[in-house]
Amino acid sequence: MARPARVTLVEVGPRDGLQNEKATIPTGAKIAFVDALASAGHQVIEVSAFVSPKWVPQMADAREVFAGLTPAPGVRYTALVPNLAGLERAMAAGVTEVAIFAAASETFSRRNINQSIDESLATYRAVCDRARSAGVRVRGYLSTCFGCPFEGAIAPAAVAEAAARLLDLGVFEVAISDTIGIAHPGQIPGVLDAVTARVPLPQVALHFHDTRGTALANVLAGLDYGVTTYDSSAGGLGGCPYAPGAAGNLATEDLLYMLDGLGIETGVSIDGVMAASLAIEPHLDHPLPSRYVTATR
Ligand code: HMG
Ligand code: MG
């Protein structure tokens, strides 16, 4: 299949990027980060997570971040929700698009959300039903699609089955996620063959972490397959607190450098994203991992 001429980026920096940061980041700095990412041209920004603050303290100010941001026309501001309580908190904050997050691995599901896969899908069915009745759109993440920190290899058939179950709940898109950054390009066609037998290709997104430096190569394999939606995180921040060994997400700047070079449109400015990343950096206790930022700062 020909590579797409245009792709949609889902900027997950304010959520996946910051959720694992040890330093407490001021709410005002998070709000400025989100606004700067919108100014850079992002059309989809995952702002925060309405999860348990005991489990992920960094996301405890989700309501305040949503209240403080300046909505830009046409931008979708989204949030993670793990359960009905999270959905209600999100809706009270005026959020109109949320994301649920299930796993292809039983052990990771228990470690991340304290539920089996079946239990989580029952929880998410209630979330999706309530969201639908309230006119809230729901995205579905599926973690550990290319390998699990606890179980090792995950069969593509298990990924496809879980993705189909998410679609059945009514999600508009399934983000096939490499939680610990273990995927390599050789895996991409096989996993996508299995998934797209159950989920239409336009409803499949790819979410890579870059622990082993293969994220860009994986995106290239995804582009060759025809996938048109990719998640990335400004500055290359990120990691899941419940996935040992997970380093940063694919950096938005690194992804844009490649997509711009390939002539694939995104509507997002690499300079604008880098400005947003550099402004959040002083609030972190480490430098930004993005290779593009490191090379050009
Ligand atoms: P639990 O402890 O099993 O359940 O947590 P609980 O119902 O007993 O709740 C514990 C406490 O949290 C209670 O408070 C609840 O009220 C409260 P207490 O009574 O002890 O005072 N609580 C909440 N508070 C605010 N908002 C809520 C909420 N829910 C419960 N929504 C639970 C189960 C699912 C809540 C917990 O495990 C949780 O929040 N997990 C989230 C973990 C997380 O955020 N992980 C990172 C995001 S996933 C990710 O990064 C992967 C992704 O990027 C894709 C990829 O890369 O693979 C998406
Ligand atoms: Mg992630």
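Counting starts at 1 for both ligands and their atoms, following the listed order. Just the heavy atoms: all of them, side chains too, but no hydrogens, waters or symmetry mates, feed the values below. In this text, all values refer to a predicted model and were calculated from it rather than measured experimentally.
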Check: Has the side chain of Thr211 got a donor or acceptor atom that lies under 3.5 Å from a matching backbone atom of Ile180?
Finding: yes
Checklist line | Side-chain H-bond candidate by donor/acceptor type, Asn83 with Thr123, under 3.5 Å | finding: no
Item checked: Where the Mg ion (ligand 2) is the vertex, angle from Asp16 OD2 to His207 NE2 to 10° -> 90°
Notebook entry, point to check: Would you call the rings of Tyr141 and His207 parallel, tilted or perpendicular if under 30° counts as parallel and over 60° as perpendicular?
Noted result: perpendicular
Next item on the list: Consider every N or O of Phe50 and every N or O of ligand 1, then say whether any pair is closer than 3.5 Å.
Entry: yes
Margin query: Please list, in number order, the atoms of ligand 1 under 4.0 Å from a heavy atom of His209.
Written below: 56 (O)
Margin query: For atom 14 (O) of ligand 1, is there a protein heavy atom at a distance under 4.0 Å?
Written below: yes
Note to self: Under a 4.0 angstrom heavy-atom cut-off, which atoms of ligand 1 come close to Asp16?
What the structure shows: 50 (O), 53 (O)
Next item on the list: Give a yes or no answer on whether the side chain of Gln115 reaches the backbone of Ile113 with a donor-acceptor pair at less than 3.5 Å.
Entry: yes
Notebook entry, point to check: Has the side chain of Asp178 got a donor or acceptor atom that lies under 3.5 Å from a matching backbone atom of Ala183?
Noted result: yes
Next item on the list: Scan the protein's non-hydrogen atoms and note whether one is under 4.0 Å from atom 55 (C) of ligand 1.
Entry: yes
Notebook entry, point to check: Looking at side-chain heavy atoms only, is the closest gap between Leu18 and Met59 below 4.5 Å?
Noted result: yes
Check: Nearest to atom 3 (O) of ligand 1 by heavy atom, Val12, Asp231, Asn249, Asn114: which?
Finding: Asn114
Item checked: Nearest-contact summary for atom 23 (C) of ligand 1 - protein heavy atom, Å -> Ser52 CA, 3.8 Å
Note to self: If I apply the N/O under 3.5 Å rule, does Ser143 come out as touching ligand 1?
What the structure shows: yes
Check: Under 4.0 Å from ligand 1, counting heavy atoms only, is it the side chain of Arg15, its backbone, both or neither?
Finding: side chain
Check: Are side-chain N/O atoms of Glu11 and Thr252 paired as donor and acceptor at under 3.5 Å?
Finding: yes
Next item on the list: Heavy-atom distances under 4.0 Å are what count here, so tell me which part of Lys54 touches ligand 1: side chain, backbone, both or neither.
Entry: side chain
Check: Which one holds for Pro82 and ligand 1: side chain close, backbone close, both close, or neither close, with close meaning a heavy atom under 4.0 Å?
Finding: side chain
Item checked: Nearest-contact summary for atom 44 (O) of ligand 1 - protein heavy atom, Å -> Val56 CG2, 3.3 Å
Check: Relative to the Mg ion (ligand 2), which of the N, O or S atoms in His209 is the closest?
Finding: NE2
Next item on the list: Mark the output for Pro53 as yes if a heavy-atom distance to ligand 1 is under 4.0 Å, and as no if none is.
Entry: yes
Checklist line | Numbered atoms of ligand 1 (with element) below 4.0 Å of Gly86, judged on heavy atoms | finding: 31 (N)
Margin query: Using a plain distance cutoff, I'd like to know if Asp178 has any nitrogen or oxygen under 3.5 Å from a nitrogen or oxygen of ligand 1.
Written below: no
Check: So do the side chains of Val51 and Gln19 get within less than 4.5 Å of each other, counting heavy atoms only?
Finding: no
Check: Can you tell me the protein heavy atom closest to atom 25 (C) of ligand 1 and the distance?
Finding: Arg89 NH1, 3.1 Å
Notebook entry, point to check: Ignoring hydrogens and geometry, is there a side-chain-to-backbone donor-acceptor pair from Ser177 to Thr179 under 3.5 Å?
Noted result: no
Notebook entry, point to check: At what distance is the nearest protein heavy atom to atom 33 (C) of ligand 1, and which residue and atom is it?
Noted result: Ile113 O, 3.7 Å
Next item on the list: Calculate, to the nearest 0.5 Å, the distance between atoms CD and CZ belonging to Glu97 and Phe172 respectively.
Entry: 4.0 Å
Checklist line | Arg89 to Phe50 six-membered ring, cation-pi geometry met (6.0 Å, 45°) | finding: no
Checklist line | Heavy-atom side-chain proximity of Leu69 to Pro71 below 4.5 angstrom | finding: yes
Notebook entry, point to check: When you measure from atom 47 (C) of ligand 1 to every protein heavy atom, which one gives the shortest distance, and what is it?
Noted result: Gln19 OE1, 3.5 Å
Check: Are the side chain of Gln187 and the backbone of His184 linked by a donor-acceptor contact shorter than 3.5 Å?
Finding: yes
Check: Do any non-hydrogen protein atoms sit less than 4.0 Å from atom 21 (O) of ligand 1?
Finding: yes
Next item on the list: Without swapping roles, check the side chain of Glu106 against the backbone of Ile117 for a donor-acceptor pair under 3.5 Å.
Entry: yes
Next item on the list: Would you mind running through ligand 1 and noting each atom that sits below 4.0 Å from a heavy atom of Leu80?
Entry: 47 (C)
Next item on the list: Among all protein heavy atoms, pick out the one at the shortest distance from atom 38 (C) of ligand 1; state its residue, atom name and that distance to 0.1 Å.
Entry: Trp55 CG, 3.7 Å
Check: Heavy atom under 4.0 Å from ligand 1: found in Asn83's side chain, backbone, both, or neither?
Finding: side chain
Note to self: Heavy atom to atom 42 (C) of ligand 1, shortest distance: which of Thr179, Asn112, Val51, Ile176 holds it?
What the structure shows: Asn112
Next item on the list: Verify, without hydrogens or angle tests, whether Tyr77 (side chain) and Val95 (backbone) share a donor-acceptor contact under 3.5 angstrom.
Entry: no
